[in-house]
Structures are given as C-alpha cells and as structure tokens.
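Remember, it's a predicted structure, so these values are computed and weren't measured experimentally. No hydrogens, no waters, no symmetry mates; every other heavy atom, side chains included, goes into these values. Quick note on labels: first sequence line is chain A, next is B, and so on, each numbered from 1.
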Amino acid sequence: MNKCRTALPTAGPSRYFRPMSSFDDMDAFEGASLSARAMAARPAPYLDDLNPAQREAVLQMDGPVLMLAGAGTGKTKALTARIVHLLMSGNARANEILAVTFTNKAAREMKERVGRMLGQQIEGMPWLGTFHAICVKLLRRHAELAGLKSNFTILDTDDQIRLLKQLLSLNNIDEKRWPARQLASLIDHWKNRAWTPSKVPASEAGAFNHRGTELYEQYQARLRELNACDFGDLLLHVVTIFQAHPDVLAQYQRWFRYILVDEYQDTNVAQYLWLRLLAGGHKNICCVGDDDQSIYGWRGAEVGNILRFEKDFPGAHVVRLEQNYRSTPHILAAASGVIRGNEGRLGKELWTQAEEGEKVRLIGHWDGEEEARWIGEEIESLQKGTRGLRQYSLDDIAILVRASHQMRAFEDRFLTIGLPYRVIGGPRFYERMEIRDAMAYFRLVVSPDDDLAFERIVNTPKRGLGDKAQQTIQATAREFGVSLIEGARIAVEEERLRGKGAGQLRMLCENLARWRETMLGPVLRPGEAEDSADVIDDEPAFLVGETRRGTPELSHMELAEVILDESGYTAMWQNDKTPEAPGRLENLKELVKALEQFENLQGFLEHVALIMDNESEEAGAKVSIMTLHAAKGLEFPCVFLPGWEDGLFPSQRSMDESGLKGLEEERRLAYVGITRAEELCTISFAGNRRVFGQWQSALPSRFIDELPEAHVEVLTPPGLYGGGYGAAAAYGGGSGLETRAAEANVYNSPGWKRLQERSSQRPVSQPRESRNTVIDLQAVSAFEMGQRVFHQKFGYGEITGIEGDKLEIAFEKSGVKKVVARFVHAEDDVPF
DNA sequence: AGTATTGTATTTTTT
DNA sequence: ATACAATACT
C-alpha cells in the first residue's frame, strides 16, 4: 500500500478518528482547487472524445446507473471519465468516491488513467481499489467489531489449508476422505454468499459429511484466536459489521457520495450486499459490466446481480455501450453468433466502423501436437507478413486456451522451434515456495504471534526438528497459553527438548528476537523521541504499542538480507543441487529488491497479502499464452483459439456439474475469447488429444456450429507428409471433401457437418506450400459391428458399438475407446 | 529424521 | 503423462 494520506470518515471508538475539520484540509490538498479553475478554463475536454452513449454514462451522475459495456466498447474510458467528471464538476472530492474493481491491475490502470485525464498527479482516490483492499482498510478501522485487533494478519490459501488440516485431525476426521481443500472451498463458497456459520442455511447441513457448519464455526473461532482473516472474511466481516452497526454504516453511506463498480457481472453475493448497503442512502451507484462476459460463476459470481440491477435499483438509468473500437465486423459477427445461443441476456448488439478485415479462420487438425505445430508455423509467417496480411510482432499475438494443461503443447513446440513466448497467469511470484518461506520469516519478525508462519519455517532449513519436536513445542505453547515461538523458547529453557534440535531451536528463537529488536530500533529515553513519527494513518497495525523508537541502524532491506542469511535460508538453497535452486536464489534477490519500494517490512507484508502479483517482464517480443479467463480485459491484434473440441471446450466437467448454466458460461468464455481479437482470429480443434496420458478422440466443439458461416473461412491444414497420415485427407483437400460430403450421413457431428458444407462451397483458400496429399477415404460409412479396423494412434481393434459417427472400438493395445469413424479404417484399407 | 516409493487426481483463479 | 502428496523404508 502506498501511503495515501487518507481522510477518514469518523468511525466509532476507533483510534483513527479524525475530526471533521480535517477533511477540509484534505480538500486543498486533493484537488478541489483544481475543479473550479479547470471547469472555467476548459469546458470538460475529457468529454470530447466520448461517444454519445459513453457521454450519457458519464453525465448521468446522480442515481443508479447501469453501464452495459460490451467487449471493447471503451468501458474503462467511460468509467475514468466519469470519475474525472465527478471531481471536475465539484460534485465530489477525490476521497468521497468509492471505486471498486476486482483486480489490482484494473485498480492500478484506473488510477493511472484518472491521473492522466486530470492532467496532474492526484495523490488522492484513497478509495479506489479492489473489494478486498478497501475492505482491509475498513476492517482495520473497525476490527474490534468483528472480534479482531486492528493489526490482524491476512492468511493466504496455504495457511488456510494448514489450519484446516489441524482442525480436521483435531476432530478425528480422515483427511483422505474429506480433504482440507474441499472444506476450504466449501467455507469459501459460504463466505461468498455472506453466510456466517449461524447463517448457513439448513439445506447445506449435509455438507462435508454433516460436519461442515460445525467445522466452519471452529475455523472462525480459530481465526479469531490467531487474530487472522482469510480473504473471504475481509468482505464478510465488513458486511456483518455494516448489518449489525447501522451507525457505522450510515457514516460510510454519507461519506461515499458516489460509488462506481467495475466488472459488476463478477460480483458475488457478499460483494453485492456490501454495495447495496453502502449505496443504500443516496443510491448514487454506477455499475459497469457485461452479462455476456460473466465467466466466474464457478467461484461465486452471480450473473443474477447484473440481470437484476433494475429491480434492485428502481429507476436506474441503463446505458448500453455498443460501439466497439476493437475488432473487425467479421470477428464481432462471429462472437455475436456464438453468444446468441444464451438465454436471458440483457442484450447488446456490438457494431463497429472498422473495415471488414479477415474472416474468422477455422481449421481442424489431426492431433494436439499437429495443432501446436501449425500454429507455430502460422505465427512465424505472421511475423514475416506473408499472404497479404500485415506483419505482426510477437507481442501482437496471443494463444488462448480453455485449461492450463493445454499450454504445454505450445510451450514444447515453441521451445523446439525457438519461438519466444510468455505464459500469463500461472503460479505467481509470491506463491513460490522460497518466497513464502522468506515471507514467513519476515512475518514472524513483525508479528511474533504468527503461529502459522512459525510452523512454516521451524524446520526450514532443516534444524533437526521433526514431528516429535514440533509436537512438544505445540504442547508447551498450549500449556502456557502462549504463541509457538514463546512455547519453543520455554521448551528449550525447560529442556523438554534436547540435543541438536534444541540448540538449533534456541538459536532460531534468539535470532528472531534479535531481528525484531533490530527492526524496532533503539528504545529512546523520553524526550529524546525523534521527529515525531506522526504516523501513517493507513498502516496502524505495526505501531500498536511501539512508540518512542529511534531509527534502526539497518534499513529494512539490509535487515531482510540479514534474516535470510543468519537463518541459514540462503545457504540452504546455495547448497541445493537441484536445477531450480539458482532460480530460487534469484527470486529471493528479487524479493529483497522489491522491498525497496516500501518503508518497512510491515508495509511490504500488507502489500503482498493483497497484491500478490509481480510483473517482472523481460524485454523482447513474445507470443502470449494464457487461459481464456486470464485473457479477459486484454486484447490482441491476432488471437489463436485452439482446442475447440466438445468435452474440452465446452468443458465436460462444467456441463456435468452445472448443466445448461455451465454450458452458457462456457459459451460466454467462447465469446470472451473471440472478442479479444482485433484483426485476426483463428479457431482450431484437434481430432485426437492425449488426456491424462491416454489418447482420446473428440468432436469439434458445438460452438463451432454456432459460428455464423458468412464470417468464417475454413482453412485446410498443410497436410501431413504424403502417404504418412491418411487422416489428413479427412480434413483437407477440396475435391476429396466434396465427394465425401455427398455421403455425409456418417458425418453427424454437428460442428463437423457444417464445416464440411462450408468447405464445399468455398474451396480451400490457403494453399500454403501444397504438401497436402489427398487420399480418398473409402467406405467410411460401411463399418459394422465386430469388424476389425485400424486406427492411426491406437492400432488394430474390433468395433464393439456404433453411435452415429462415433465408433466404440476395443483396441488390441489400448483398450476400449470411442473414436470418430473418420479416423478409422477398414483393416484392408490402411492408408499407408 | 530424512528420503524413496507408491498412490491418486487432473478446469477455470482473484484476493 | 505427470505432478504432488502421503505412506513406507532406511
């Protein structure tokens, strides 16, 4: 958290109370002077380049507003312009606007853009941030109302799981049958719905072997003991406080004169309640979102929130942003064609003035590797700018996959052909083991009571403290009712532990105490107090009870290095021979470097708990590989969408678990994917894919069916080596396809059928070096039960079932599988 | 106490 | 296939 000088609304018994008059000081500081002057001088230049819909969304300041912003319609621009307008018109001061986003990235971006639009750096907008970041601020101030101290720690998922595991074993629950992770997601799910343990409805009583609510209650109690919060709590506690203390709520309702919400379609129940409570007075709430881009249902988001907006806020102004500034008409048409399949949309029709451009390209491949190979080659030729397409930089190109395991094929391929790529998403910096370990040391120095941190590092590096020793520590701590670190000290003192471990443990405890002293700095005699640490309003946590400290002789960065060295942690990795050790040391160095931007360890820890991202981007153009989820909000001139096969996309699991609702979310994912593309969008699928080490064949995605024909061009794969793979013919080669289309009753796969029809109308248009070998498949429709057949990947087998164009075959080597008839050959028709 | 081995699960992910 | 975690060895 950077230290913004936040003016605080008055807040009960909190020590952060500030008299009202100080808000006026904030004014001068935060841009009130700017508004009057600027309004007179230039009549709202920020309004000039808005289109009518955007302008309406900006000018309609009072009352509820729902901004339905389709993909690429300038939503962020409108949102930031609205903030600027609120400020410039004098309707609100920077610290009276509550603007919430989901991600830190979005918050950062908005801050930047507001600053840029204002044409001056404003120090303000203290209440622009993620739901969680804002909730932390609120909760720190009212912690006591939630049974916490204001310096509570925020647990990450790791700590959470560890805690739950302890709880489970305490309850003699078999962690095998009832995994802690499952309990964690259950509790998370409940928290997302704003259910405290007592409010979990009876219908959920059966959850987790009928112990769910009970364990939830224990978990919450344990968190309170630890003075800790998980992510869900941040919202839940604040909502609970608002509900139980109308006076506190009323203060904030008055204070936040205008509320803005980004990505409203992603809000869960807790967030929805939070917003509704805060907007309850004046109802000056502007929600921005797109029901068609709701893709987080699986983690508690309720599309219903956005669909219901007009009911929740009667008289709401609904503004539709439909002019798209991102994609070509073909791409938009393809996207609309797909999303049309969903029921109960609020309905938007995107349009654009852009030139027609390329059609969406569609191509099928033999298997996943072939798909990756083709895309690799395609990217190389896009880089060169062949075939009348413009030249693209690798930075312009993205590959968006449904599930992260699909990335591997591309990484493998790109590594072998030496194509630079970057994977977006994936495990983040602060989630890496070495970083968490290091952070646990820091946490322990900052708050010696942090038992979870202690557990993490007690025996890292190895100190000869195994299960038994750790149990002794636990027992001692419990006996004396003290923290683990204190328990450890006592256990050593009383010689409950002996030998090598005890010595090491003593050293650890002494070290921790010494580091803490170093951090706190020398104790000054009264009167000697240094230039009053007129302390940071935003970060009360670490100052509790620690006044009159002088300046430490070590900077917090030096201290961090000392901690890592003296604890033996650095040495542990230096002695490690595994190939990842150097990288980990590198990461540790980076961690220390990251400290630079903070005033102290505490500030850093707070930041990391919430931010958890670290964008260290190496230079050089690279292709981006990411999941569709990670791609939301991004755009690329050129997008590849591989793996459009039924079962993979739409994901089978999603459909099994959530039925039509799941399918519709998958469809929105398809919509998000297509609308990421500015100029060129290439969809592909593979007939065969290795899933969990087993080869499986699949049908083209049903979404392919839904692509409007007029906007799609079917490409032919570049064949697969003459005489090599006969199946190449199934996909490629004009005339062959046409002939087979005539006997098409076997080709019943929905997507496939249409694909063929199109193909026959429009002979292949991309004759790259024509390596295609057209091998006519014969008698594909002539399969019979019991027939002996051959399959490229699975070898020989016998047909045990026929369903449409799918055959069930008992293969001699690879067992029973369902495969598409197209890939199967009669025994005497092996295409070699 | 630390390592080897076996077993098992395997969408999507922010905070 | 493969990673990761929990049990089984040394």
Side-chain angles (χ1 to χ4, degrees), chain A residues 100-107 129-136 139 154-157 160-161 165 174-177 179-182 185 188 191-192 229-236 262-263 266-268 270-271 294-301 368 400-409 412 424-428 430-431 433 459-470 499-501 504 606-613 626-633 643 647-658 662 665-666 668-670 672-673 689-696:
Chain A
V100 248
T101 63
F102 273 86
T103 62
N104 294 296
K105 196 171 153 226
T130 63
F131 276 101
H132 295 265
I134 289 170
C135 282
V136 170
L139 195 54
I154 302 164
L155 299 191
D156 57 41
T157 336
Q160 206 182 331
I161 299 286
K165 275 187 181 163
D174 181 13
E175 227 254 286
K176 267 244 163 97
R177 278 193 55 185
R181 297 204 156 277
Q182 198 181 311
S185 42
D188 196 49
K191 287 183 175 175
N192 285 338
C229 250
D230 64 19
F231 283 117
D233 280 338
L234 296 175
L235 267 145
L236 182 57
D262 195 15
E263 306 282 16
D266 289 338
T267 48
N268 60 34
Q271 287 155 340
S294 163
I295 54 174
Y296 286 109
W298 50 272
R299 65 175 200 214
L400 313 182
V401 297
R402 171 68 245 265
S404 49
H405 63 75
Q406 290 170 262
M407 295 184 192
R408 196 192 199 105
D412 284 352
I424 309 231
R428 280 157 299 165
Y430 291 112
E431 274 167 21
M433 191 207 313
N459 202 27
T460 313
K462 301 271 182 285
R463 297 193 174 88
L465 297 160
D467 281 352
K468 224 181 103 228
Q470 292 189 37
K500 201 167 127 241
Q504 295 264 297
E606 174 89 344
H607 170 87
V608 170
L610 289 175
I611 309 299
M612 295 295 269
D613 66 352
M626 68 191 94
T627 63
L628 287 162
H629 285 91
K632 195 166 81 152
L648 184 60
F649 187 45
S651 132
Q652 193 58 51
R653 186 151 163 188
S654 178
M655 294 187 294
D656 290 347
E657 281 172 12
S658 319
E665 184 154 309
E666 297 285 306
R668 291 193 289 266
L669 215 36
V672 167
R689 202 175 281 283
R690 221 172 10 190
V691 183
F692 305 145
Q694 293 272 281
W695 280 98
Q696 301 220 273

Using atom [atom1] of [X] as one end and atom [atom2] of [N] as the other, report the distance to the nearest whole Å.
{"X": "A/Asp262", "N": "B/dT15", "atom1": "CG", "atom2": "P", "answer": "13 Å"}
{"X": "A/Arg299", "N": "B/dT15", "atom1": "CZ", "atom2": "C1'", "answer": "8 Å"}
{"X": "A/Leu236", "N": "B/dT15", "atom1": "CG", "atom2": "C1'", "answer": "15 Å"}
{"X": "A/Lys191", "N": "B/dT15", "atom1": "NZ", "atom2": "C1'", "answer": "13 Å"}
{"X": "A/Glu175", "N": "B/dA9", "atom1": "CD", "atom2": "P", "answer": "13 Å"}
{"X": "A/Gln182", "N": "B/dT8", "atom1": "CD", "atom2": "C1'", "answer": "15 Å"}
{"X": "A/Asp174", "N": "B/dT8", "atom1": "CG", "atom2": "P", "answer": "13 Å"}
{"X": "A/Leu628", "N": "B/dT14", "atom1": "CG", "atom2": "C1'", "answer": "17 Å"}

For the side chain of [X], starting at C-beta, report the closest nucleotide among [options].
{"X": "A/Glu431", "options": "B/dT15, B/dT11, B/dT13", "result": "B/dT15"}
{"X": "A/Lys176", "options": "C/dA6, B/dT12, B/dT15", "result": "C/dA6"}
{"X": "A/Arg653", "options": "B/dT15, B/dT12, B/dT10", "result": "B/dT10"}
{"X": "A/Arg402", "options": "B/dT13, C/dA1, B/dT12", "result": "B/dT12"}
{"X": "A/Lys462", "options": "B/dT15, B/dG2, B/dT12", "result": "B/dG2"}
{"X": "A/His629", "options": "C/dA6, B/dT13, B/dT11", "result": "B/dT13"}

Exercise. Is A/Trp298 stacked on the base of B/dT11, meaning ring centres closer than 5.5 Å and planes within 30 degrees of each other?
Worked result: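 A stacking contact does not exist, since A/Trp298 is not both close and nearly parallel to the base ring of B/dT11.
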Problem set entry | Verify stack between A/Phe231 ring and B/dT14 base, 5.5 Å, 30 degrees |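 Stack criterion not met.
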For this session: Take A/Ile295 and A/Val672, measure what side-chain contact (heavy atoms from CB on, under 4.5 Å) needs, and give me the verdict at the end.
Result: CA-CA 9 Å; A/Ile295 54 174; A/Val672 167; 4.2 Å; yes
Quick one: is [X] getting a side-chain N or O under 4.0 Å of the [N] phosphate, OP1 or OP2?
{"X": "A/Arg690", "N": "C/dA1", "result": "no"}
{"X": "A/Thr627", "N": "B/dT11", "result": "no"}
{"X": "A/Arg408", "N": "C/dA3", "result": "yes"}
{"X": "A/Asn104", "N": "B/dT14", "result": "no"}

Seminar exercise, completed: Judged by nearest nucleotide, the residue sitting upstream toward the 5' end of DNA chain B, A/His405 or A/Lys468, is A/Lys468
Seminar exercise, completed: Of A/Ser404 and A/Gly466, the one whose nearest nucleotide on DNA chain B sits closer to the 5' end is A/Gly466
Side-chain ([X]) to main-chain ([Y]) donor-acceptor, under 3.5 angstrom:
{"X": "A/Asp233", "Y": "A/Leu236", "answer": "no"}
{"X": "A/Gln504", "Y": "A/Gly464", "answer": "no"}
{"X": "A/Gln271", "Y": "A/Asn268", "answer": "yes"}
{"X": "A/Glu665", "Y": "A/Gly662", "answer": "no"}

Problem set entry | Rounded distance in Å between the P positions of B/dT12 and C/dA5 |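 Between the two P atoms, the distance is 16 Å.
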Problem set entry | Inter-nucleotide P distance (B/dT13, C/dC4), Å rounded |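 About 16 Å, rounded to a whole number of Å.
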With a 4.0 Å cut-off on heavy atoms, is [X] in touch with a base, just the backbone sugar-phosphate, or nothing at all?
{"X": "A/Ser651", "value": "base"}
{"X": "A/Phe102", "value": "sugar-phosphate"}
{"X": "A/Arg463", "value": "nothing"}
{"X": "A/Lys165", "value": "sugar-phosphate"}
{"X": "A/Asn459", "value": "sugar-phosphate"}
{"X": "A/Glu263", "value": "nothing"}
{"X": "A/Glu665", "value": "nothing"}
{"X": "A/Asp266", "value": "nothing"}

Exercise. Taking the inter-plane angle between the rings of A/Tyr296 and A/His629 on a 0 to 90° scale, is it parallel (under 30°), tilted (30 to 60°) or perpendicular (over 60°)?
Worked result: tilted
Exercise. Which base, if any, makes a Watson-Crick or G-U wobble pair with B/dT10, both distances under 3.5 Å?
Worked result: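 For B/dT10, the partner nucleotide comes out as C/dA1, under the 3.5 Å rule.
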Exercise. What heavy-atom pair brings A/Leu610 and A/Ala133 nearest, and what distance separates the two atoms?
Worked result: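 Looking at all heavy atoms of both residues, the closest pair is CD1-CA, 3.8 Å.
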